[in-house]
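For reference, the structure discussed in these notes is given below.
Below, read A as the first sequence line, B as the second, and so on, with proteins coming before strands; counting in each chain starts at 1.
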Protein chains: 2
Amino acid sequence: MLTDRQRLILNAIVDDYIRSAEPVGSRSISKRGDVGYSPATIRNEMADLEELGFLEQPHTSAGRIPSHKGYRYYVDHLTSSFSLNPEELHMMKSFFAEKLNVMEQMIQHAAGILSQMTNYTSILLGPEVFHTSLRHFQLLPLNEGQAVAIIVTSTGQVENKIVSIPQGVSVSELEQVVNLLNEKLVNVPLYKLKTRLYTELGAEMQRHIAHYEELMKVLDIALENEPDHRDVYLSGTTNMLNQPEFKDVDKVRDIFELLEQTPALMKLMAPAPGEHGVQVRIGTENTHEAISNCSLITATYSIDGKAVGSIGILGPTRMEYARVIGILNVLSHDLTKLLSHWYK
Amino acid sequence: MLTDRQRLILNAIVDDYIRSAEPVGSRSISKRGDVGYSPATIRNEMADLEELGFLEQPHTSAGRIPSHKGYRYYVDHLTSSFSLNPEELHMMKSFFAEKLNVMEQMIQHAAGILSQMTNYTSILLGPEVFHTSLRHFQLLPLNEGQAVAIIVTSTGQVENKIVSIPQGVSVSELEQVVNLLNEKLVNVPLYKLKTRLYTELGAEMQRHIAHYEELMKVLDIALENEPDHRDVYLSGTTNMLNQPEFKDVDKVRDIFELLEQTPALMKLMAPAPGEHGVQVRIGTENTHEAISNCSLITATYSIDGKAVGSIGILGPTRMEYARVIGILNVLSHDLTKLLSHWYK
DNA sequence: GGTTAGCACTCGATGGCGATGAGTGCTAAC
DNA sequence: GTTAGCACTCATCGCCATCGAGTGCTAACC
């Protein structure tokens with residue numbers, strides 16, 4: 001579709017614009033060294049590239065900036081696979097060496113590292129509860145009438161919620177129920193828990209337990225796994241404010257509002273079905289209007305070959321694509337390895 | 001210190017400025033109706049008030065704006081105790097009616113309500129781990145070599161972390177240790193846990209348990225209660241962007257950066273020792289430079305008469321003090337009631 | 001024929017300038 | 001003690017000329 005020279009020039013323009021955030025003129029491209037043509041020649045090519053929709057002109061007599069289509073082409077034809085420099089590698093390595101003991105902390109920490117390395121905003125989606133199974137169930141009386149239900153998942157996540165205990169239910173009864181549950185339901189995937197509760201335990205409980213119906217209700221609540229409740233971790237949101245394109249408060253407001261809305265973020269971060277690896281969504285390719293001037297680069301991490309969460313970087317469309325893609329690649333890979341090892 | 005008329009005028013100026021965010025002139029005060037003096041008289045008083053340090057002039061021939069000292073005086077002499085309007089009362093009531101079962105969710109929700117009602121940024125500090133005691137301790141094997149340590153506190157909070165189990169320690173040994181711990185350490189305040197572990201359990205464990213030393217190390221890690229780890233909940237950070245004083249990105253950047261730093265926020269939100277009730281810190285009265293143009297209003301909530309956490313509102317110094325103070329009063333009171341009831 | 005030098009042209013950015021008007025401080029009258 | 005009147009200050013706004021980066025086009029060059 002494009003000649004080699006056009007590709008070369010387009011690449012140079014995108015690179016320059018990513019660095020400077022200023023419209024790029026023909027002269028500056030000519031002076032770069034890697035494009036050995038005079039400004040006039042480059043101007044001609046630029047005019048062609050604009051006509052083809054890869055470049056835009058903010059106004060006559062300004063330089064050119066890449067259009068969304070231009071960025072898309074740039075990303076799709078990225079050649080130089082980015083490799084981390086020694087310091088960055090060290091950062092990553094020391095992160096995985098730290099062996100954070102709680103998954104939450106680990107993910108939050110990963111988000112911090114990501115935003116720090118890229119100077120963009122990082123968004124991490126915690127492991128999905130659907131693909132994990134029950135490792136242990138516990139019901140601890142808090143005071144009369146209330147108890148903490150604790151669910152430990154196969155990924156080491158601990159979810160807890162407080163439930164009301166109906167009057168008349170004794171502690172020994174509770175213990176009996178908990179034991180039964182652990183016996184029968186361990187290793188059952190979380191999303192199947194409630195069905196199994198009724199199909200497998202119903203009969204047995206009815207035989208042994210006095211307050212069968214009331215307790216079923218309690219368990220029903222305790223095992224409720226809200227499919228919407230996945231943890232979203234953010235870091236480096238302020239980096240957004242350092243981008244010259246967002247020096248106007250009106251432009252950031254919508255973005256920040258979006259970042260406060262967990263469900264919307266989850267939707268944005270959800271990988272396209274079937275996609276593995278790094279995905280780049282440029283400008284209006286994103287489904288949310290607030291970030292139509294942003295690019296979102298995401299990658300997934302997996303446990304047992306199954307994608308359970310995603311990591312992402314949000315920045316202006318003028319983004320260091322190669323770098324960010326490289327970093328996400330490494331991190332998603334390492335995260336997968338770490339989790340798999342952990343999960344065994 | 002001030003005459004009645006000066007007080008009246010100062011009040012009017014602060015009120016006006018809170019509403020308009022524009023320097024207030026003598027004429028507009030005169031026309032308000034509640035100050036029955038001519039612009040000239042008011043000008044004279046304004047000059048005096050400026051000399052006394054209660055007002056400032058952005059430049060000659062602009063109106064006056066309150067200084068930090070002016071706000072302080074205004075707050076200290078607030079007369080009209082603000083009362084919530086029916087809708088707001090309804091909002092509050094429905095919040096407490098919702099009976100969220102996990103403390104985390106409840107606090108996050110409270111933060112949302114607060115920011116929504118005030119149009120400022122709300123900051124909530126979760127219940128402090130220091131004043132709570134151990135209700136239950138649990139050690140659940142995850143796989144060989146690792147286990148989840150779960151600590152349930154008297155306030156219903158569940159903390160968990162993953163620890164490594166030394167080789168050669170059997171499951172029955174672990175159970176023995178856990179039983180011993182629950183027997184001896186339940187109801188011990190968290191911050192005393194580690195001391196007690198050594199003083200009370202050391203001897204007994206040494207007698208009964210084979211891998212005494214290794215296990216002590218494990219418990220030491222498991223019971224580590226990081227005093228820094230308190231949960232901070234934010235809501236409505238974007239409201240900051242709607243304030244005209246922060247239309248310049250440079251002014252918000254520092255604030256947003258501060259809001260990302262949990263430890264710094266905790267320090268800011270910590271109540272002055274011995275203080276109960278609502279506290280107002282205006283401008284530079286705050287210890288952090290980033291919010292020297294902001295006011296932070298905080299209140300504490302308690303369990304059993306002991307302050308365990310705080311709720312706060314961050315906004316520009318030009319803040320609706322009366323309103324915010326009123327709302328915080330109500331919320332902190334209700335929160336205390338709810339928690340006390342919950343905790344029994 | 002592709003490439004380049006030269007040149008007129010465009011248009012946003014910058015800075016100086018006067019008009020405008022809100023608001024003050026001061027003085028003198030009430 | 002209060003107020004009307006008036007000269008003065010100074011930020012803001014719109015206007016205009018200037019400046020310069022960058023373009024498009026044409027003609028010369030290899």
Inset, instruction - Would you mind building the protein contact string for nucleotides 13-21 of chain C? One character per nucleotide, 5' to 3', B for base within reach (heavy atoms under 4.0 Å), S for sugar-phosphate only, - for untouched. - result: ---------
Legend entry - Residue among B:Ile113, B:Ile313, B:Ile327 satisfying side-chain contact (heavy atoms from CB on, under 4.5 Å) with B:Ser122: B:Ile313
Inset, instruction - Work out which heavy atom in B:Leu268 is nearest to a heavy atom in B:Leu296; give both atom names and the distance. - result: O-CD2, 3.9 Å
Inset, instruction - Give me the ring orientation class for B:Phe54 and B:Tyr73: parallel if the planes are under 30° apart, tilted from 30 to 60°, perpendicular past 60°. - result: perpendicular
Inset, instruction - Please report, rounded to the nearest Å, how far the P atom of C:dT24 is from the CD1 atom of B:Ile42. - result: 10 Å
Show the distances under 3.5 angstrom between N or O atoms of the protein and N or O atoms of nucleotides 27-30 of chain C.
none

Inset, instruction - Scan residues 7-29 of chain B against DNA chain D and write down, sorted by residue number, each residue with any heavy atom closer than 4.0 Å; if none is found, say none. - result: none
Legend entry - Interatomic distance, A:Gln6 CD vs C:dT3 P [rounded to whole Å]: 12 Å
Inset, instruction - Looking only at non-hydrogen atoms, find the nearest pair between B:Arg64 and B:Ile13 and report the distance. - result: O-CG2, 4.2 Å
Inset, instruction - Check for a donor-acceptor pair, side chain of A:Tyr321 on one end and backbone N or O of A:Tyr71 on the other, with a separation under 3.5 Å. - result: no
Inset, instruction - Verify the contact: side-chain N or O of B:Arg64 to OP1 or OP2 of C:dG23, cut-off strictly under 4.0 Å; return yes or no. - result: no
Legend entry - Minimum heavy-atom distance A:Met319-A:Leu314, with the two atoms named: CE-C, 3.6 Å
Inset, instruction - Could you tell me whether the side chain of B:Arg72 and the main chain of B:Val280 form a donor-acceptor pair under 3.5 Å? - result: yes
Legend entry - Closest non-hydrogen atom pair, A:Met269 against A:Ser310: O-OG, 3.2 Å
Inset, instruction - Locate the shortest heavy-atom distance separating A:Ser115 from A:Gly112; write the atom from each residue and the value. - result: OG-O, 3.1 Å
Legend entry - Pairing string, 5' to 3', for DNA chain C - Watson-Crick or wobble contacts under 3.5 Å, brackets [ ] where pairs cross, | to another strand: ||||||||||||||||||||||||||||||
Inset, instruction - Measure from CG on A:Asp48 to P on D:dC25 and round the result to the nearest Å. - result: 11 Å
Inset, instruction - Measure from the side-chain N and O atoms of B:Ser30 to the backbone N and O of B:Tyr37, and report whether any donor-acceptor pair falls under 3.5 Å. - result: yes
Inset, instruction - Could you go through the side-chain contact (heavy atoms from CB on, under 4.5 Å) check for B:Cys294 and B:Phe246 one step at a time? - result: CA-CA 10 Å; B:Cys294 297; B:Phe246 300 125; 3.8 Å; yes
Legend entry - Length of the line joining B:Gln57:CD and D:dC10:P, which is rounded to integer Å: 10 Å
Legend entry - For A:Asn286, side chain to side chain donor-acceptor pair (under 3.5 Å) partners two or more places apart: none
Legend entry - Under 3.5 Å donor-acceptor, A:Lys69 side chain and A:Leu52 backbone: yes
Inset, instruction - Classify the side chain of B:Arg43 and the base of D:dG5 as holding, or not holding, a donor-acceptor pair under 3.5 Å. - result: yes
Legend entry - Interface with DNA chain D, restricted to residues 31-41 of chain B and to heavy atoms under 4.0 Å: B:Tyr37, B:Ser38, B:Ala40, B:Thr41
Legend entry - B:Thr118 side chain vs B:Leu114 backbone, donor-acceptor pair below 3.5 Å: yes
Legend entry - Contact summary for A:Leu259 and A:Leu265, nearest pair of heavy atoms: O-CD1, 3.5 Å
Legend entry - Of B:Thr60 and B:Glu45, the one whose closest DNA chain D nucleotide lies more 5': B:Glu45
Inset, instruction - Just say parallel, tilted or perpendicular for the rings of A:Phe256 and B:Phe256, cut-offs at 30° and 60°. - result: perpendicular
Inset, instruction - Among the candidates C:dG25, C:dT3, C:dT10, find the nucleotide nearest to the side-chain atoms of A:Arg5. - result: C:dT3
